There are 2 protein chains.
Amino acid sequence: MGTPQLTKNQSLVMGALAHSEGPMSAYTILDKLRDQGFRAPLQVYRALDKLLEYGLVHRLESLNAFVACTCPHEHEHDRGVTAFTICEGCGQVTEFHDAAIEDRLSALVRAQSFKTEKTTIEIRGHCKSCAA
Amino acid sequence: MGTPQLTKNQSLVMGALAHSEGPMSAYTILDKLRDQGFRAPLQVYRALDKLLEYGLVHRLESLNAFVACTCPHEHEHDRGVTAFTICEGCGQVTEFHDAAIEDRLSALVRAQSFKTEKTTIEIRGHCKSCAA
DNA sequence: ATCGCACACGTTATAGCATAACGCAATTGA
DNA sequence: TCAATTGCGTTATGCTATAACGTGTGCGAT
Ligand SMILES: [Zn+2]
Ligand SMILES: [Zn+2]
Ligand SMILES: [Zn+2]
Ligand SMILES: [Zn+2]
C-alpha cells in the first residue's frame, strides 16, 4: 500500500507542482502542461485526485489550489493533521504538523461524538519577509 | 463599533441563513430570495461581505458556503479562532472555540515569524446520528 | 443651497473552478 | 475468451465569484 507507479499524466502534474514556487490552481497547471499535450481540465483533475489519494499533494481549500507535499513520508502512517501557513504577500506555503493540536482537536471532536474524516487547518497572513 | 443597522439586502440574506438548517451557497441564497426581488449574485455577495465583516456570518472554505454565526457575542472581542465540524451526512455544522488550540497555533506560527490574519479550521466527517 | 463624497444598490458581462457523460484502449484475472 | 477495472481524451455543462458600469440617496463642508 505504498505509492503506486505514477502514470504519465500523474507524473506531469506532480512535476509541475514540485517545481513550482507556490500553490497552483488546476487551470494554472493545465496551462503549464499544454506543451506536453494537455488539452482539458479533466486531465488535470483526474491526476490530482490520485495524487491527493496517495498523499503526494495537498489541496488548499481557502485558495482552491494545490501544493506538493513537503514531507510525504509523514503521511505514510495515515494519522496526522496537516496545517498550512499561507502568505498573502508572496504566496509561500509552509506545511506543518503538531501532535498537541491533533490531540486537542481529537478530544473536542470526540466530546461531540463526531467522527473525523478530514481536517483542514489553514492560516492566512504574512510571512516574515512580507510583514509590513 | 458594534454591528451597524443592517440594510434591507443584508437583513434578507441574514434571515435566509438564520432560518436555514445548514450552510448555503451564495447561489442557493439567491434562489431563496428571488421572491423578495433578488436577481443577481452580486446582491448576495455584497451582503455577505458585510455580514462577514460584522462577524454575523462565517464562510466555510471547504464547502464554498456560508452559515450564520451561532455565537456572535464571542466575536465582539476580535481575538478568537473559530472551528467547525461539518457532517457529510446531514450537513449539520457546529461552531466551536478553544483557547488551547488558539494558544498552540499562535505559538507555532510565531515560531515561523508569521503574522496571522485569518485562521480556518474545518473538520469534515460524520456526526453522532450519521455515523455508520 | 450645492457641491463633493461615501455607500448601497441594480444590471450585464465575464472570469475562474469543477464535474457529467460519452466513448476508446490497455490491463488483468477468472 | 470474456468480463471488470483503470486510465485516457473530448465535449459540454454547471457552479462559484468578480469586473465594470451606472443610479440614487444621505450627509457634512463650503
Ligand atoms: Zn504533506
Ligand atoms: Zn510572504
Ligand atoms: Zn461565530
Ligand atoms: Zn449528520
Side-chain angles (χ1 to χ4, degrees), chain A residues 1-17 20 22-54 56-67 86 88 91 93 118 120 122 124, chain B residues 1 3-17 20 22-54 56-67 86 88 91 118 120 122 124:
Chain A
M1 192 255 155
T3 301
Q5 189 65 16
L6 298 185
T7 68
K8 178 156 180 274
N9 283 4
Q10 289 161 18
S11 297
L12 286 167
V13 169
M14 189 67 223
L17 280 172
S20 160
M24 285 197 288
S25 78
Y27 278 74
T28 303
I29 296 172
L30 175 57
D31 286 338
K32 296 247 188 237
L33 294 180
R34 291 216 184 263
D35 292 346
Q36 340 299 324
F38 274 51
R39 318 283 317 155
L42 263 189
Q43 297 176 277
V44 178
Y45 282 110
R46 291 204 270 231
L48 284 171
D49 283 347
K50 287 300 181 182
L51 296 172
L52 288 166
E53 180 185 329
Y54 302 153
L56 299 174
V57 161
H58 297 289
R59 176 183 169 80
L60 300 173
E61 300 289 351
S62 67
L63 242 40
N64 294 329
F66 304 84
V67 283
I86 302 170
E88 313 265 6
V93 171
K118 175 153 197 296
T120 297
E122 296 177 17
R124 306 282 293 266
Chain B
M1 193 257 155
T3 300
Q5 189 66 15
L6 298 184
T7 68
K8 178 157 180 272
N9 284 4
Q10 289 159 20
S11 297
L12 286 167
V13 169
M14 189 67 223
L17 281 172
S20 161
M24 286 196 287
S25 76
Y27 280 74
T28 303
I29 296 172
L30 175 57
D31 286 338
K32 296 248 189 237
L33 294 180
R34 291 216 184 262
D35 291 346
Q36 340 299 325
F38 274 51
R39 316 286 318 157
L42 233 59
Q43 295 175 278
V44 178
Y45 282 109
R46 292 205 268 232
L48 284 173
D49 283 346
K50 287 299 182 183
L51 296 172
L52 289 166
E53 180 186 328
Y54 303 153
L56 298 175
V57 161
H58 297 289
R59 175 184 169 81
L60 300 174
E61 300 289 351
S62 67
L63 242 41
N64 293 329
F66 304 84
V67 283
I86 303 171
E88 314 265 5
K118 175 155 197 296
T120 298
E122 295 177 17
R124 306 282 292 266

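Values below: all heavy atoms of this structure, side chains included; hydrogens, waters and symmetry mates excluded. Here the structure is a predicted model, which means the values were calculated and not measured. Protein chains get the first letters and strands the later ones, always in sequence-line order, with residue 1 at the start of each.
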Closest non-hydrogen atom pair, B:V67 against B:G22 = CG1-C, 4.4 Å

Output yes when at least one side-chain N/O atom of A:N64 is less than 4.0 Å from OP1 or OP2 of C:dA18, else no.
-> yes

Nearest 0.5 Å please: distance from the CG atom of B:L52 over to the CZ atom of B:R59.
-> 8.0 Å

Can you check whether B:T7 has a side-chain N or O nearer than 4.0 Å to OP1 or OP2 of C:dC9?
-> yes

Contact nearer the 5' end of DNA chain D, comparing A:N9 with B:Y27 = A:N9

What is the distance, rounded to the nearest whole Å, between atom CG of A:D31 and atom P of C:dA15?
-> 14 Å

Flag, side chain of B:E122 to backbone of B:I86, donor-acceptor distance under 3.5 Å | no

Rounded off to whole Å, could you give me the NZ-to-P distance for the A:K8 and D:dG7 pair?
-> 16 Å

Provide, to the nearest angstrom, the distance between the OH atom belonging to B:Y45 and the C1' atom belonging to C:dT11.
-> 17 Å

Between A:A40 and A:K50, the residue closer to the 5' end of DNA chain D by nearest nucleotide is A:K50

Could you pull out the closest heavy-atom pair between B:A16 and B:M24, with the gap in Å?
-> O-CE, 3.2 Å

Is B:R59 near enough to D:dT16 that one of its side-chain N or O atoms lies under 4.0 angstrom from OP1 or OP2?
-> no

Here the gap from A:K50 atom NZ to A:L6 atom CG, rounded to the nearest 0.5 Å, amounts to 11.0 Å

Could you check how far CZ of B:R46 sits from P of C:dC7, rounded to whole Å?
-> 14 Å

Atom CZ of A:R34 and atom C1' of D:dG9 are separated, to the nearest Å, by 14 Å

Between A:M24 (CE) and C:dG16 (P), how many Å, whole number?
-> 16 Å

Atom CD of A:Q10 to atom C1' of D:dG9: distance rounded to whole Å?
-> 15 Å

Using only side-chain N and O atoms of B:Q43, determine if any of them is under 4.0 Å from OP1 or OP2 of C:dG10.
-> yes

Rounded interatomic separation in angstrom, taking CZ from B:F38 and C1' from C:dG10 | 11 Å

Toward the 5' end of DNA chain C, by each residue's nearest nucleotide, A:L42 or A:S25 | A:S25

